[in-house]
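Heads up, the thing below is written out as structure tokens.
Remember, it's a predicted structure, so these values are computed and weren't measured experimentally. Chain letters run A, B, ... following the sequence lines, proteins first, then strands; residues in each count from 1.
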2 protein chains.
Amino acid sequence: MVAVVETSPTPRRKLSRAERRLQLIEATISVIAENGFARTTLGEVAKRAGLSHGLANFHFESKDKLLAATLEHLSDEYRANWQAALAVAGPHPADRIAALIEADFTPAICTADRLAAWCAFWGEAQSRPMYQDVCGQNDEEYQGVLEGFCRDLLADGGYGGDAVRVARVLRVTTEGVWLDLMTLQSPYSRDEARATVLAAAAAFFPRHFGPDGRLAGT
Amino acid sequence: MVAVVETSPTPRRKLSRAERRLQLIEATISVIAENGFARTTLGEVAKRAGLSHGLANFHFESKDKLLAATLEHLSDEYRANWQAALAVAGPHPADRIAALIEADFTPAICTADRLAAWCAFWGEAQSRPMYQDVCGQNDEEYQGVLEGFCRDLLADGGYGGDAVRVARVLRVTTEGVWLDLMTLQSPYSRDEARATVLAAAAAFFPRHFGPDGRLAGT
DNA sequence: AGATTCTGATTGAACTGTCAATCAAAATAC
DNA sequence: GTATTTTGATTGACAGTTCAATCAGAATCT
């Protein structure tokens with residue numbers, strides 16, 4: 001769960017400032033995933049990190065700022081993930097769209113804890129400016145990049161349709177299947193979730209995407 | 001905001017049991033929409049309904065049960081809405097799919113308060129059995145009905161594709177654009193949201209749906 | 001190297017405010 | 001008159017925040 005040390009019986013005071021912050025953020029993700037936003041307390045976060053509850057306020061000044069830092073961590077991590085995927089993807093717009101979809105289901109990103117935390121933040125987004133402050137820019141960047149690839153592929157492939165709406169469908173379908181994995185009584189697998197997004201891509205770009213993803217040789 | 005009385009200076013004891021419960025539920029929706037789940041208190045709910053705070057516990061036994069009743073109200077209302085839309089829709093599967101999509105954007109259902117409340121409940125769904133207990137059956141019924149129409153239209157129109165995944169894309173696209181309306185920095189309009197879902201339908205069923213919805217004469 | 005000082009991370013108790021739940025009394029309906 | 005609904009004060013628990021004391025490790029001195 002916690003990505004850092006916290007192993008030996010006396011690991012105290014071993015971690016740097018940044019590592020300690022990260023440890024508390026990971027603990028926060030875990031608590032939010034398990035208890036929900038409304039029942040996330042500093043005490044539980046500290047307990048899960050094996051630290052005293054005063055520390056959270058020492059490192060983050062307030063509960064709100066800890067939550068904001070947690071969301072920022074998730075958002076930056078997400079952005080770094082899709083940008084890394086694009087860096088090794090082919091130049092064709094279909095390759096780049098396929099890379100973006102695939103990136104959303106990377107095991108490192110698409111974990112139960114992280115998905116649950118994302119959903120919890122979305123649920124609170126309406127009532128707190130925090131979400132838009134932290135994620136607004138990253139979200140717009142992602143939508144813009146995906147829109148560009150969709151525009152290219154629509155033109156390149158001679159497809160009809162509006163790039164903005166196509167990109168939006170692909171993005172919200174991903175978010176939607178994530179939500180399904182959290183809220184459904186009997187959720188389907190991560191592979192089925194990815195296949196669902198690819199089915200949408202195949203509907204918009206039938207000569208570049210098939211039921212199993214990117215079609216070769218185009 | 002509140003759909004019921006609360007007008008004259010002394011409206012006390014005017015409403016029946018069911019009406020009073022509904023009044024408290026509407027106030028709860030309003031508070032959740034404005035403050036989020038984590039900051040929803042019984043005191044604020046009662047205040048918004050113009051009642052004293054002891055009443056919430058009198059009519060619903062506990063805060064949890066008030067929240068569950070609120071979710072149940074939303075879920076039943078949603079179900080009644082799409083079933084009413086189906087009752088007046090044509091028999092062709094494309095007509096029925098179009099009716100379901102249209103129903104999701106009815107002004108009575110697709111209000112800022114209700115959307116925000118739905119998102120808040122989704123955010124808490126992972127950590128409380130409440131959501132699945134209350135909505136699981138309705139959600140499965142909706143998915144099953146939509147799947148049936150998709151299966152019929154895929155066969156009838158000679159389309160390729162998997163009915164389960166097509167239905168899932170249409171459903172989560174609707175949920176996704178709802179979420180967008182809540183979380184985006186500069187959200188688009190309800191009409192644009194509906195057009196986005198219709199764009200997805202047009203991708204799967206190009207001979208039955210166009211950019212502006214259901215195509216006539218098919 | 002060993003002793004001393006300094007820094008700032010860490011703890012845990014105390015304080016404060018808030019909220020859900022309870023309940024006795026008042027108001028209202030039947 | 002009796003039953004039901006409503007009020008508003010009270011209670012107890014709990015969470016966020018503050019803070020003084022502690023302590024580990026780094027830096028400095030001899």
Side-chain angles (χ1 to χ4, degrees), chain A residues 2 4-28 31-32 34-70 120 124 127-128 130, chain B residues 2 4-28 31-32 34-70 120 124 127-128 130:
Chain A
V2 174
V4 272
V5 179
E6 197 228 337
T7 46
S8 63
T10 43
R12 308 201 289 200
R13 192 72 75 86
K14 282 282 180 184
L15 274 53
S16 73
R17 217 182 171 91
E19 286 169 326
R20 192 62 90 199
R21 282 175 61 98
L22 192 59
Q23 181 190 15
L24 284 165
I25 285 174
E26 291 290 343
T28 304
V31 174
I32 291 177
E34 189 164 315
N35 295 350
F37 216 96
R39 307 204 168 178
T40 291
T41 68
L42 290 183
E44 185 62 27
V45 169
K47 185 176 165 191
R48 196 156 305 200
L51 302 168
S52 78
H53 59 271
L55 254 202
N57 272 329
F58 175 80
H59 281 287
F60 297 91
E61 194 172 340
S62 75
K63 183 185 181 183
D64 269 352
K65 291 192 178 167
L66 168 62
L67 294 173
T70 301
E124 289 284 310
S127 61
R128 311 202 197 204
M130 188 208 327
Chain B
V2 173
V4 274
V5 179
E6 197 228 339
T7 46
S8 64
T10 42
R12 311 201 285 205
R13 189 69 79 86
K14 284 279 181 182
L15 275 50
S16 74
R17 218 182 168 93
E19 286 169 325
R20 189 64 87 202
R21 282 174 61 96
L22 192 59
Q23 181 189 17
L24 285 165
I25 285 175
E26 291 289 342
T28 304
V31 174
I32 290 178
E34 189 164 316
N35 296 349
F37 216 95
R39 309 206 165 175
T40 291
T41 68
L42 289 182
E44 184 62 27
V45 169
K47 186 176 165 189
R48 197 156 306 201
L51 302 167
S52 76
H53 55 267
L55 256 200
N57 274 324
F58 174 79
H59 282 287
F60 300 88
E61 200 170 336
S62 73
K63 183 185 181 183
D64 269 351
K65 292 193 176 163
L66 169 61
L67 293 173
T70 302
E124 290 284 313
S127 61
R128 310 202 198 205
M130 187 205 333

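For B:R20 and C:dA29, the CZ to P distance is 11 Å, given to the nearest whole Å. Counting to the nearest Å, the P atom of D:dT7 and the CG atom of B:L55 are 5 Å from each other. As a whole-Å value, the separation of B:N35 CG from C:dT18 C1' is 14 Å. Taking atom CG of A:L67 as the reference point, atom C1' of D:dG16 lies 12 Å away to the nearest angstrom. Protein atom CZ of B:R17 is 13 Å distant from nucleotide atom P of C:dC30, rounded to whole Å. Summarising the geometry, the separation between CG on A:L42 and C1' on D:dT17 is reported as 9 Å, rounded to the nearest angstrom. If you measure from atom CZ of B:R39 to atom P of D:dG16, you get 10 Å, rounded to the nearest angstrom. Between the NZ atom of B:K47 and the C1' atom of D:dT7 there is a distance of 17 Å, given to the nearest Å.
Considering only the side chain of B:K63, C:dA20 comes nearest among D:dG16, C:dT10, C:dA20. Distance from the side chain of A:H59 is smallest for C:dA9 among the nucleotides D:dG16, D:dT7, C:dA9. Listed candidates were D:dT6, C:dG8, C:dA20. Nearest to the side chain of B:S52 is D:dT6. Considering only the side chain of B:H53, D:dG8 comes nearest among D:dT17, C:dC19, D:dG8. You'll find that the side chain of A:L51 is closest to C:dT11, out of C:dC19, C:dT11, D:dT7.
A:E124 places a side-chain N or O within donor-acceptor distance of the main-chain N or O of B:A38, the cut-off being under 3.5 Å.
Pairs engaging residues 35-69 of chain A under the ring pair (Phe, Tyr, Trp, His ring centres under 6.0 Å) rule: A:F37-A:F121 [sequence neighbours left out]. Screening residues 51-62 of chain B for salt bridge (Lys or Arg N to Asp or Glu O under 4.0 Å) gives B:E61-B:K65 as the qualifying pairs, with residues at least two apart or on separate chains.
The two residues B:L67 and B:T28 come nearest to each other via the heavy atoms CD2-CG2, 4.1 Å.
Contact between the side-chain N/O atoms of B:N57 and the OP1/OP2 oxygens of C:dA20 is not found at any separation under 4.0 Å.
Rounded to the nearest 0.5 angstrom, A:T70 OG1 and A:L66 CG are separated by 4.5 Å.
With DNA chain D read from its 5' end, the first of the two nearest nucleotides for B:F58 and A:D64 is the one closest to B:F58.
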